[in-house]
Amino acid sequence: MMYAIHWFRRDLRVATNPALAKSRARTGGKVLGLFCVDPQIVSRPDTGIDRFAFVLESVAALREELRTAGGDLLVLPGTPEEAFGRIFSECARHGSARPAIVSFNRDYEPFARDRDTRLTRLLEQENGVEVVTDRDHLVFEPGEITPQSGDGHYRVFSPFEKRWRAVFAEQRHRVPDRADNPGGRTPGIRFTWSDLPGTGRELQRHDVIDTTRDSVQPRVRVTLPPAGRVAAHRRLSEFLAGPIASYDEARDIPAVDGTSRLSIYLKVGSLTTAEIIAALDSPDRETARPGRAPGPQAPGIERFLTELIWREFYYHILYHQPRVEHEPFLTRYWRLQWDDDESRFDAWKAGLTGFPIVDAGMRQLKATGWMHNRVRMIVASFLTKDLHIDWRRGEAYFMDRLLDGDLAANNGGWQWAASTGCDPQPYFRIFNPERQSRRFDPDGEYIARWVPELAALDKKSRHAPPEDARPNGYPAPIVDHARERKVALERYRAIV
Ligand SMILES: Cc1cc2nc3c(=O)[nH]c(=O)nc-3n(C[C@H](O)[C@H](O)[C@H](O)COP(=O)(O)OP(=O)(O)OC[C@H]3O[C@@H](n4cnc5c(N)ncnc54)[C@H](O)[C@@H]3O)c2cc1C
């Protein structure tokens with residue numbers, strides 16, 4: 001009996017799943033789903049408990065989706081080597097056929113690339129199983145958006161974006177196809193573990209990972225948003241029905257729910273960029289596409305597309321320069337001097353720095369597992385340029401707390417703020433937290449929401465509470481911004 005195993009990783013959905021569609025087509029729908037709860041990932045310092053719980057909830061939603069489609073998902077504890085080893089030995093013990101194909105969608109993080117190379121060798125060379133892969137979470141993979149000179153890869157965003165858009169314009173018609181099952185002819189899934197006599201039951205017994213909300217929630221520090229494909233699409237529809245129209249302006253105002261909040265779904269693959277683009281491309285949403293008059297939503301759509309391209313850019317950087325996971329992109333900044341002031345770092349994490357916009361952001365992160373992009377930039381700048389604390393410590397804290405924590409974007413965002421990255425914020429442009437606050441949260445609404453002890457102050461005082469109006473318990477600023485700005489400039493200048 002010819003069947004396939006689709007190994008789900010960060011593509012937690014059945015529909016519009018390219019590698020899964022391939023194995024469905026090749027086997028007439030006889031595909032078993034596998035998800036490994038890999039201790040190497042679970043024990044990584046950058047795997048936050050909340051995000052891990054959200055992944056498990058997304059896995060539970062995926063299992064329901066698979067069951068509804070007529071298939072099933074095996075959730076095995078262990079590394080993929082162990083999981084496949086167990087599957088193969090069960091097959092041998094029961095005289096069942098091994099899978100002829102193992103499919104998965106490609107991943108570009110250094111850890112995943114090493115793992116996938118090892119696994120492919122193990123499956124193909126040692127076990128005679130065909131490995132089928134496809135692109136999934138990026139519209140264009142590393143190597144597809146390259147300078148026309150043919151010289152390596154882009155290091156600056158604007159030319160990358162320009163080239164991305166040019167290639168996209170040529171291939172636009174193919175992008176939705178990539179996300180979809182080719183021609184809609186993919187056979188439905190109609191295969192479960194019990195179709196493998198004996199083997200199925202044995203494997204089920206190893207299926208010890210309980211992914212239900214009750215088992216996951218008790219250890220979680222925040223309220224998780226609803227997981228899964230249906231929830232992701234609901235959020236996309238809500239965003240496209242309203243906020244997208246003013247996204248270009250509202251995206252910078254943290255008090256407004258003006259962004260998509262799709263990052264968390266993109267991270268686990270309940271939804272992909274290609275699918276979002278296909279939805280943006282629907283005829284009632286005219287973009288500034290050649291030959292068509294732009295519709296009223298065009299500025300919002302174009303800006304939104306730019307943000308999605310930033311996501312791709314950082315993945316291309318991580319792929320071509322995997323060293324950035326551990327070191328500054330601009331290597332000269334290895335020599336930058338950082339301070340190890342634990343009490344300041346603790347104040348930053350707790351949202352008790354005495355800088356209201358910084359504190360509001362850090363409290364939003366702690367309470368919800370998400371922080372508005374503008375405020376991510378402010379708090380990251382504050383940590384690195386006002387407190388002079390190494391960006392890697394901030395990056396790690398974000399990975400611990402963020403539900404959308406994603407190596408490429410997080411590393412890119414932190415290195416941008418610390419001015420150590422590719423195409424970074426120039427080191428001499430240092431955010432003034434109070435000025436940022438007055439500009440992007442003019443009425444102090446966001447501050448009042450997350451630092452409620454400041455809500456009673458008049459709107460203009462919320463940005464920098466005067467000493468005599470400072471509520472009990474709210475700290476005085478832990479540093480003098482003007483002074484620390486000079487210190488930062490001296491340290492960066494010493495290197496440049
Ligand atoms: C210091 C710092 C750390 C960050 N860490 C992460 C992270 O761990 N994971 C993450 O997904 N994003 C990260 N970002 C980028 C950005 O803040 C989030 O993607 C965004 O806030 C998510 O909310 P949203 O989905 O509503 O975004 P929207 O504004 O709706 O944007 C749509 C999508 O575009 C992508 N995007 C938007 N802005 C960026 C950006 N600057 N860089 C890369 N992709 C972007 C995201 O996939 C996002 O979901 C970080 C930014 C900074 C400055």
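First listed ligand is number 1; within each ligand, the first listed atom is number 1. Atom set for the values below is all heavy atoms of this structure, side chains included, hydrogens, waters and symmetry mates excluded. Just so it is clear, the structure is predicted and the values come from calculations on it, not from any experiment.
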Test your reading of the structure: does Thr259 have an N or O sitting under 3.5 Å from an N or O of ligand 1?
yes

Heavy-atom contact under 4.0 Å between Tyr247 and ligand 1?
yes

Taking the six-membered ring of Phe8, is NZ or CZ of Arg63 closer than 6.0 Å to its centre and within 45° of its axis?
no

Do you know which two heavy atoms are closest between Ile357 and Val375, and how far apart they sit?
O-CG1, 3.7 Å

Non-hydrogen side-chain atoms of Tyr108 and Glu141 separated by less than 4.5 Å:
yes

Does the residue Trp416 have a heavy-atom contact with ligand 1, meaning some pair of atoms that are separated by less than 4.0 Å?
no

Residue selection (non-hydrogen contact nearest atom 23 (O) of ligand 1) among Phe398, Trp370, Phe157
Trp370

Identity and separation of the nearest protein heavy atom to atom 5 (N) of ligand 1:
Asn410 OD1, 3.0 Å

Among protein heavy atoms, which lies nearest atom 2 (C) of ligand 1, and at what distance?
Gly413 CA, 3.8 Å

With a cut-off of 4.0 Å, which atoms of ligand 1 are near a heavy atom of Leu266?
47 (O), 49 (O)

N or O pair under 3.5 Å between Ser263 and ligand 1:
yes

Is the Lys NZ or Arg CZ of Arg44 less than 6.0 Å from the centre of Phe111's six-membered ring, within 45° of the axis?
yes

Does NZ or CZ of Arg323 come closer than 6.0 Å to the centre of the six-membered ring of Phe329, within 45° of the ring's axis?
yes

What one should report as the nearest heavy-atom pair of Ser419 and Tyr492 is CB-CE2, 4.0 Å

With a 4.0 Å cut-off on heavy atoms, is Gly405 in contact with ligand 1?
yes

Provide the full list of salt bridge (Lys or Arg N to Asp or Glu O under 4.0 Å) pairs with a residue in residues 405-416, sequence neighbours left out, each pair given once.
Arg10-Asp406, Lys267-Asp406

Please report the closest heavy-atom contact between Arg392 and Glu327, naming both atoms and the distance.
NH1-CA, 4.0 Å

Should the ring pair Phe313 and Trp310 be called parallel, tilted or perpendicular, given that the plane angle runs from 0 to 90° and is split at 30 and 60?
perpendicular

Regarding atom 44 (N) of ligand 1: of the candidates Arg235, Arg311, Arg51, which has the closest heavy atom?
Arg311

On a heavy-atom basis, I'd like to know which of Met399, Arg374, Gln415, Arg376 is closest to atom 6 (C) of ligand 1.
Arg376

Nearest protein heavy atom to atom 39 (C) of ligand 1, by residue and atom, and its distance?
Glu307 OE1, 3.8 Å

Under 3.5 Å: N/O of Trp310 near N/O of ligand 1:
no

Could you identify the single nearest non-hydrogen protein atom to atom 12 (N) of ligand 1 and state the distance to 0.1 Å?
Ala409 CB, 3.5 Å

By number and element, which atoms of ligand 1 are closer than 4.0 Å to a non-hydrogen atom of Tyr314?
42 (N), 43 (C)

Looking at ligand 1, is there an atom of it that comes within less than 4.0 Å of some heavy atom belonging to Arg261?
yes

Parallel, tilted or perpendicular: which fits the ring planes of Phe304 and Phe239, with parallel below 30° and perpendicular above 60°?
tilted

Which of the listed options, Leu308, Leu305, Ile244, Leu383, holds the heavy atom that is closest to atom 33 (C) of ligand 1?
Leu308

Which protein heavy atom lies closest to atom 15 (C) of ligand 1, and at what distance to 0.1 Å?
Asn373 OD1, 3.9 Å

Run the ring pair (Phe, Tyr, Trp, His ring centres under 6.0 Å) test on Tyr315 and His137 for me, step by step, so that the C-alpha distance in whole Å, both residues' side-chain angles and the decisive distance to 0.1 Å come before the verdict.
CA-CA 10 Å; Tyr315 262 100; His137 83 88; 4.7 Å; yes

